[in-house]
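For reference, positions follow the sequence shown, starting with 1. First listed ligand is number 1; within each ligand, the first listed atom is number 1. Keep in mind it's a predicted model, so treat the numbers as computed, not measured.
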Amino acid sequence: MRIDIITCLPRLLDSFFGQSILKRAQDKGLAEVVVHDLRDYTPHKGRQVDDYAFGGGAGMVLMIEPIARCLDTLRSQRRYDEILYVTPDGENFTQRIANHLSLKENLVILCGHYKGVDERVRQRYVTREISIGDYVLSGGELAAAVISDALIRLLPGVLSDETSALTDSFQDDLLAPPVYTRPADFEGMKVPEVLLSGHEARIEQWRFEQALERTRQRRPDLLDERA
Ligand code: ADE
């Protein structure tokens, strides 16, 4: 999978993609994340990428030309499955969307800034608009990082234990069950006996029941979605 991220603050993303699982996925050739500085594509002097909104009002708007130039360059090089725009008025990002997008070959994520992008960018280029939650960030970079992380960790071979992404919270519209590691007894707080029993079927059953109970208590709305 290749993800091209278009931003006017590329440095913000460097450390995120340069560490841990995301770095390993890239080193192993399983994912490629390429960050593009919008300012490299602007025809305007002083590397300007934004301007005042027509009609007035506070806040700057990202101009269409640098975005168009960047997207035209990328699209001349490969076919993109989706051009995502991250924005608080997009559809809510869920594990289901992550699963779906993780099967794609080439994605663009366009980050807004300030007041967002000129509406004509959305009309002409964007194929899907995604929000990572009902709050407003100062730019789309964190949203692009969140989405990329959620997709890349699903790619086969990225996580060392192949099954561990499948048992994440939300994968069956259930939250994950509690987990424990050593010591088996911490100051009298004991690990549930069944987990030490070595009895795989009973452990599976226990985990399912715990997942169901946790979901019932914390996110009953997910159980409605299962029905
Ligand atoms: N940009 C600013 N806020 C955002 C949000 N909540 N989700 C996605 N992109 C954003």
Side-chain angles (χ1 to χ4, degrees), residues 1-19 21-22 31 33-42 47-68 70-71 74 80-104 106-155 168-170 218-219 221-222 225:
M1 157 177 280
R2 175 178 164 128
I3 303 177
D4 290 272
I5 301 179
I6 304 174
T7 168
C8 51
L9 293 172
R11 297 282 82 79
L12 260 187
L13 294 166
D14 285 351
S15 82
F16 186 77
F17 288 107
Q19 319 233 2
I21 287 175
L22 295 183
V33 179
V34 186
V35 178
H36 304 272
D37 185 346
L38 199 51
R39 293 183 196 281
D40 292 341
Y41 294 88
T42 188
R47 290 167 64 78
Q48 184 186 358
V49 291
D50 60 342
D51 209 341
Y52 295 101
F54 279 126
M60 305 293 275
V61 178
L62 287 180
M63 292 186 283
I64 191 168
E65 298 112 311
I67 296 171
C70 183
L71 285 173
L74 292 176
Y80 284 92
D81 299 292
E82 298 271 14
I83 296 180
L84 308 175
Y85 173 51
V86 281
T87 173
D89 59 6
E91 66 182 308
N92 258 321
F93 189 55
T94 59
Q95 189 63 48
R96 199 164 291 174
I97 295 176
N99 294 346
H100 173 79
L101 291 177
S102 74
L103 301 174
K104 305 293 183 189
N106 296 307
L107 298 173
V108 171
I109 306 181
L110 172 64
C111 302
H113 229 265
Y114 319 111
K115 278 284 161 201
V117 297
D118 188 302
E119 186 65 19
R120 292 166 293 184
V121 171
R122 301 169 75 158
Q123 291 167 346
R124 172 164 296 182
Y125 295 105
V126 172
T127 60
R128 190 161 189 176
E129 304 190 327
I130 296 182
S131 164
I132 61 160
D134 290 343
Y135 40 80
V136 179
L137 302 166
S138 52
E141 289 73 18
L142 286 173
V146 164
I147 292 168
S148 302
D149 183 298
L151 303 192
I152 290 171
R153 66 188 294 286
L154 292 173
L155 301 176
D168 287 340
S169 278
F170 304 111
R218 301 182 183 197
R219 292 293 304 276
D221 57 299
L222 294 176
E225 280 171 36

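The single protein non-hydrogen atom nearest to atom 6 (N) of ligand 1 is Tyr135 O, 2.8 Å, given as residue, atom name and distance. Considering only non-hydrogen protein atoms, atom 7 (N) of ligand 1 sits nearest to Ile132 N, 3.0 Å. When only non-hydrogen protein atoms are considered, atom 3 (N) of ligand 1 lies nearest to Leu137 N, 3.0 Å.
The CD1 atom of Ile97 sits 4.0 Å away from atom CD of Glu91, with the distance rounded to the nearest 0.5 Å. Separating the CD1 atom in Ile147 from the CD1 atom in Ile130 is a distance of 4.5 Å, to the nearest 0.5 Å. For the atom pair His113 NE2 and Leu137 CG, the distance stands at 9.5 Å (nearest 0.5 Å).
A distance-only check finds a donor-acceptor pair linking the side chain of Thr42 to the backbone of Gln48 [under 3.5 Å]. The main-chain N or O of Val108 is never found under 3.5 Å from a side-chain atom of Asp4 such that the two would form a donor-acceptor pair. Side-chain atoms of Thr127 come within 3.5 Å of backbone atoms of Ile83 as a donor-acceptor pair (strictly under, hydrogens ignored).
The ligand atoms of ligand 1 that sit less than 4.0 angstrom from a heavy atom of Ser131 are 6 (N), 7 (N), 8 (C).
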Salt bridge (charged side-chain N to carboxylate O under 4.0 Å, His left out) assessment of Lys104 paired with Glu82: CA-CA 8 Å; Lys104 305 293 183 189; Glu82 298 271 14; 5.0 Å; no
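Ile130 counts as a contact of ligand 1, since one of its heavy atoms falls under 4.0 Å from the ligand. No heavy atom of Gly90 sits closer than 4.0 Å to any atom of ligand 1. By the 4.0 Å heavy-atom criterion, Gly133 is counted among the residues contacting ligand 1.
In Thr87, the part holding a heavy atom less than 4.0 Å from any atom of ligand 1 is the backbone. Counting heavy atoms closer than 4.0 Å to ligand 1, residue Pro88 contributes atoms from both its backbone and its side chain.
For ligand 1, none of its N or O atoms has an N or O atom of Ala143 under 3.5 Å away.
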